[in-house]
Amino acid sequence: MEKIPYENRLKHGEQYTANIYVDYVNERVRVDDYRGNSNCIIKQIHDMAKEKGFTKIIVKARHEHWQTFLSHGYMLEGIFKGYFNGNDAYSMALYLSDERRTSRYWMEEDHILQQILDLPGKMDKPLPNSYNMRMATIQDAKALAEVYGEVFKVYPTPMNEEKYIQKVMKDGTIFYVIESAGKIVSAASAEVNGLYHNAEMTDCATLPEHRKHGFMKILIQALEQELMKKNIYCVYSLSRALSFGMNAVFRQLGYEYTGRLSNNCYIFDKMEDMNLWVKDLAKLR
């Protein structure tokens with residue numbers, strides 16, 4: 001039987017309801033939404049994580065509940081500003097092993113972050129004449145999977161699979177691509193949460209031979225314009241804390257650094273820390 005990478009579960013208890021993302025690839029349980037008794041939720045997800053041998057639990061907690069999670073041993077790792085229809089979500093984490101809790105690169109990442117925070121805003125490079133940009137369609141799923149498979153040998157989600165990309169497109173994720181000679185060479189997406197009117201800027205990839213043109217800034221700004229048409233103003237992104245380039249992109253596009261999620265997921269070649277960047281697109285109007 002094929003091993004599934006993740007499950008989305010809607011759990012109902014006598015005093016709560018929770019949307020739980022069971023992530024087998026990254027060995028974690030993540031609660032993206034909930035209502036009801038937070039103490040009951042804490043017990044449910046802790047039991048689930050222990051049963052599956054997972055080593056991290058993540059909860060996007062509301063303002064009125066984050067201190068409850070803190071009192072149960074969780075730590076605040078970041079703030080998704082405006083996530084719940086304008087109200088903040090607090091990224092609370094509980095670690096179930098010393099190895100998962102300990103970041104080997106934290107001080108190096110702090111050094112990189114300080115360099116990035118000192119960067120000035122920067123004018124964008126125009127798209128070179130030999131390239132063109134457009135919104136992707138479901139017919140591009142195979143080509144997109146090939147790009148992601150080439151750029152990322154390890155990734156938190158199966159973006160190297162055509163069927164997975166087709167699924168997320170049908171679920172509302174928007175992709176923009178840049179082409180050269182009819183071939184996709186760079187791509188980025190906005191994963192839209194229609195219920196709470198936010199979007200994650202993610203799946204940023206450029207083939208090595210086409211880098212240094214500033215494609216990510218161009219793609220992300222195109223996605224921002226598309227989101228504003230849908231009245232979605234809260235946008236955020238998680239970037240590898242060891243990557244100067246992607247963090248610099250978000251900094252220079254006016255995103256605010258609001259935390260770092262330790263040993264959050266497998267990406268590139270190992271389990272890595274991820275920096276959280278957020279932006280209020282309403283301020284652009």
Side-chain angles (χ1 to χ4, degrees), residues 1-13 16-34 41-61 74 77-78 80 83 89 91-97 99-100 138 141-142 144-149 151-175 187-196 198-205 236-240 261-274 276:
M1 181 180 294
E2 183 180 358
K3 186 177 181 181
I4 58 174
Y6 68 91
E7 292 179 89
N8 280 308
R9 295 186 183 180
L10 182 61
K11 296 287 290 186
H12 296 283
Y16 73 91
T17 297
N19 292 331
I20 301 174
Y21 184 85
V22 184
D23 189 341
Y24 295 95
V25 174
N26 298 297
E27 301 158 18
R28 62 187 183 179
V29 171
R30 192 182 75 216
V31 179
D32 291 327
D33 195 12
Y34 65 91
I41 294 168
I42 287 168
K43 183 180 187 311
Q44 170 66 38
I45 57 179
H46 189 270
D47 290 347
M48 181 182 294
K50 292 288 285 184
E51 174 192 341
K52 297 184 179 300
F54 292 171
T55 50
K56 185 171 185 178
I57 301 172
I58 305 168
V59 180
K60 290 189 177 80
Y74 284 70
E77 291 196 313
F80 293 81
Y83 183 92
S91 186
M92 307 301 295
L94 181 70
Y95 293 89
L96 302 178
S97 76
E99 184 179 5
R100 187 73 182 253
I138 203 160
K142 182 178 180 181
L144 282 166
E146 291 173 353
V147 169
Y148 290 118
V151 172
F152 298 107
K153 303 308 177 188
V154 178
Y155 201 64
T157 55
M159 290 299 295
N160 61 336
E161 297 178 9
E162 179 182 357
K163 289 183 178 179
Y164 179 80
I165 293 177
Q166 290 173 343
K167 178 187 181 301
V168 299
M169 282 185 168
K170 290 175 182 176
D171 289 343
T173 297
I174 304 165
F175 287 81
S189 77
E191 183 179 333
V192 177
N193 182 324
L195 178 62
Y196 291 116
N198 63 60
E200 180 181 3
M201 299 300 198
T202 186
D203 305 327
C204 301
Y236 66 92
S237 188
L238 292 169
S239 298
R240 294 175 54 237
L261 282 56
S262 183
N263 285 318
N264 193 62
C265 57
Y266 288 104
I267 187 169
F268 197 63
D269 61 356
K270 59 184 175 301
M271 182 77 75
E272 294 206 20
D273 304 335
M274 304 293 283
L276 175 59

- Working to the nearest 0.5 Å, report the span between CD of Glu191 and CG of Asp171. 8.5 Å
- Please report the C-alpha distance between Glu77 and Met92 in whole Å, then the side-chain angles of each, then the deciding distance to 0.1 Å, and finally whether the side chain to side chain contact (heavy atoms under 4.5 Å, CB included) criterion is met. CA-CA 6 Å; Glu77 291 196 313; Met92 307 301 295; over 6 Å; no
- Give a yes or no on whether the backbone of Ser262 and the side-chain of Tyr95 come within a donor-acceptor separation of less than 3.5 Å. yes
- Task: Evaluate the criterion side chain to side chain contact (heavy atoms under 4.5 Å, CB included) for residue pair Cys265 and Met274; output intermediate values, then yes/no.
- Result: CA-CA 8 Å; Cys265 57; Met274 304 293 283; 4.0 Å; yes
- Compute both the distance and the angle, then confirm whether Arg30 meets the cation-pi test with Tyr21: under 6.0 Å from the six-membered ring centre, within 45 degrees of the axis. yes
- Passes side chain to side chain contact (heavy atoms under 4.5 Å, CB included), Asn198 versus Asn193? Steps please. CA-CA 5 Å; Asn198 63 60; Asn193 182 324; 3.2 Å; yes
- Query: Are the side chain of Ser91 and the backbone N or O of Lys60 linked by a donor-acceptor pair below 3.5 Å?
  - Reply: no
- Task: Determine whether more than 12 heavy atoms belonging to other residues, nucleotides or ligands lie under 6.0 Å from atom NZ of Lys270.
- Result: yes
- Message: When you compare the side chain of Ile58 with that of Val29, does any pair of heavy atoms fall below 4.5 Å?
- Response: no
- Nearest-0.5 Å distance that lies between atom CE in Met169 and atom OH in Tyr164: 12.0 Å
- Could you pull out all residues at least two apart from Lys52 that satisfy side-chain hydrogen bond (donor to acceptor under 3.5 Å, both in side chains)? Tyr24
- Shortest non-hydrogen contact from Lys170 to Ile138? CE-CD1, 3.4 Å
- Message: Using side chain to side chain contact (heavy atoms under 4.5 Å, CB included), reason through Thr202 and Leu238 one step at a time and then give a plain yes or no.
- Response: CA-CA 7 Å; Thr202 186; Leu238 292 169; over 6 Å; no
- May I ask you to check whether Asp203 and Tyr155 show a side-chain donor-acceptor distance below 3.5 Å? yes
- Message: Nearest 0.5 Å, please: how far is CZ in Arg100 from OG1 in Thr55?
- Response: 4.0 Å
- Say you draw a straight line from CG of Asn263 to CD of Glu99; how long is it, rounded to the nearest 0.5 Å? 8.0 Å
- Correct closest heavy-atom pair for Glu27 and Tyr266 would be OE2-OH, 3.4 Å
- Looking only at non-hydrogen atoms, find the nearest pair between Val22 and Phe54 and report the distance. CG1-CE1, 3.6 Å
- Message: Could you report the tightest heavy-atom contact between Leu96 and Ile57, atom names first, then the distance?
- Response: CD1-CD1, 4.3 Å
- Query: Short question: side chain of Arg28, backbone of Asn264 - any donor-acceptor pair under 3.5 Å?
  - Reply: yes
- Examine the side chains of Tyr6 and Asn26 and answer whether a donor and an acceptor come within less than 3.5 Å of each other. no
- Task: Applying side-chain hydrogen bond (donor to acceptor under 3.5 Å, both in side chains), run through Tyr148 and Glu161 and close with a yes or a no.
- Result: CA-CA 9 Å; Tyr148 290 118; Glu161 297 178 9; over 6 Å; no
- Item | Non-hydrogen side-chain atoms of Ile20 and Glu7 separated by less than 4.5 Å | no
- Task: Look up atom CG in Asp32 and atom CG in Asn19, then write down how far apart they are to the nearest 0.5 Å.
- Result: 7.5 Å
- Message: What I want to find out is whether Glu162 reaches Lys167 closely enough, with some N-O distance under 4.0 Å, to be called a salt bridge.
- Response: no
- Task: Rounded to the nearest 0.5 Å, what's the gap from CG on Leu261 to CG on Asp273? Could you check?
- Result: 9.0 Å
- Might you point out which heavy atoms bring Ala205 and Phe152 nearest each other, and give the distance in Å? CB-CE1, 3.8 Å
- Task: State, with a plain yes or no, whether a side-chain heavy atom of Ile165 is found less than 4.5 Å away from one of Met159.
- Result: yes
- Where do Tyr34 and Ala61 come nearest, in terms of heavy atoms and distance? OH-CA, 3.5 Å
- Item | Cation-aromatic face contact Lys153/Phe268, 6.0 Å, 45 degrees | no
